[in-house]
Number of protein chains: 2
Amino acid sequence: MSEQLKLENQLCFRLYNINKAMTRLYAPLLKSLNLTYPQYLVMLVLWQNKQWEVELRQQEQALSVKALGKKLNLDSGTLSPLLKRMENLGFIVRKRNTDDERSVEVYLTKQGSVLKEKAQCIPASMFAKTGLTAEQLHNLTDTLDKLMANIQ
Amino acid sequence: MSEQLKLENQLCFRLYNINKAMTRLYAPLLKSLNLTYPQYLVMLVLWQNKQWEVELRQQEQALSVKALGKKLNLDSGTLSPLLKRMENLGFIVRKRNTDDERSVEVYLTKQGSVLKEKAQCIPASMFAKTGLTAEQLHNLTDTLDKLMANIQ
DNA sequence: TTTAATTTAATTGTGCGCTATTTAATTGCT
DNA sequence: AGCAATTAAATAGCGCACAATTAAATTAAA
């Protein structure tokens, strides 16, 4: 048996398994927010995208499906039904851009905005579960960024 | 905005994206074998499992769906339909264990066995695409194994 | 300005991955 | 032996992920 064809020697099998294990770790935390992991990623983008205007009025910067897909590496085949489900849950609304009717803009609702507070603890909770030190995390992040740059 | 909730600071988002990118890298290589990535993983297990008897007669060691699932971290909800597709493609056959009718054993067909030769080049090809040195690969593998041990 | 090319989403279809449930076979207990 | 508990697969249903196609709007070009 060629050594390279052995499952236990394969980087991809490790990444595949760790990715699944991570999603399983997220599940109980996200369940209380009524979100799946991909939906949580959408929320992270929208929370980050929030702009504050004067007089404490909350205003969202326009974020098209296209732009969202670019940030998350997902296409409309994945995002369209996912966003529709999130709209049904009341976390976002979708509006056609009046200047360019091809484009659909995604906005946080009040309810989606409020959800951010409940999510604050998630990153620290997940980090604790990894059992990594801050330095180990930093090194791994560095390596993965280099790998991603090579394969993309 | 809390730094930890930012997408670009999250380990899991990196793992999620790299896993998808890796699967996309595999796709053209596996297409010529008519396999998906999870199906390829099943083939890796079966190829590794092959036993040789005297007089050059090829014999497969029994591998149940249960045992396969344990190796791949997949349950019957995923494996049952996947194995059915692979049987339709002619790469495997499924047989109820006569000693324990609850168990289903998976066997390579001649066609599935032959496919191994065409797969020999895949690991080296994938490794080349990562752009990693052997040492970098080794270090990353080590780190991921430790991480996996922590989160499982 | 009419037509052609491009862009943006939505839709369709396939294949995981997982949860929960169901069915059937086996084991354990009394 | 008889019955409960356990085990192994299969099934049903939901939500991605992606390829391919379609539809509509915009831009570019002749």
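Order of the sequence lines fixes the chain letters, A, B, ..., with proteins taken first and strands second; residue numbering starts at 1 for each chain.
Here dA17(D) is the nucleotide among dA17(D), dG17(C), dA9(D) with the atom lying nearest to any side-chain atom of Leu74(A). Checking dA8(D), dT11(C), dC16(D) against the side-chain heavy atoms of Lys66(B) singles out dA8(D) as nearest. Side chain of Pro38(B), nearest nucleotide from dG15(D), dG17(C), dC18(D): dG17(C). For Val65(A), whose side chain is taken as the heavy atoms from C-beta onward, the closest listed nucleotide among dT11(D), dC18(D), dA9(C) is dA9(C).
A distance of 11.5 Å separates NZ in Lys71(B) from CG in Leu44(B), rounded to the nearest 0.5 Å. The CG atom of Leu33(A) lies 8.5 Å from the CE atom of Met43(A); values are rounded to the nearest 0.5 Å.
Ring geometry, Tyr40(B) versus Tyr26(B): the interplanar angle falls from 30° to 60°, so the pair is classed tilted.
The main-chain N or O of Gln4(A) is never found under 3.5 Å from a side-chain atom of Asn9(A) such that the two would form a donor-acceptor pair.
Across the strands present, dC18(D) finds its partner in dG13(C); the criterion is a Watson-Crick or G-U wobble pair with both atom distances under 3.5 angstrom.
Within the structure, a side-chain polar atom (N or O) of Tyr16(B) is placed less than 4.0 Å from OP1 or OP2 of dA17(D).
Heavy atoms of Ser64(B) sit under 4.0 angstrom from primed sugar atoms or phosphate atoms, though from no base atom. Counting any heavy atom pair closer than 4.0 Å across all strands shown, Asn19(A) reaches no nucleic acid atom. In this structure, Thr78(A) reaches the bases: a heavy-atom distance under 4.0 Å links it to at least one base atom across the strands shown.
Contacts of residues 80-104 of chain A with DNA chain C (heavy atom under 4.0 Å): Ser80(A), Lys84(A), Arg94(A), Arg96(A), Arg102(A), Ser103(A), Val104(A).
A salt bridge between Glu87(B) and Lys84(B) is absent, with no side-chain N of the basic residue lying under 4.0 Å from a carboxylate O of the acidic one.
Here dT19(C) presents its C1' atom at 12 Å from CZ of Arg24(A), a figure rounded to the nearest Å.
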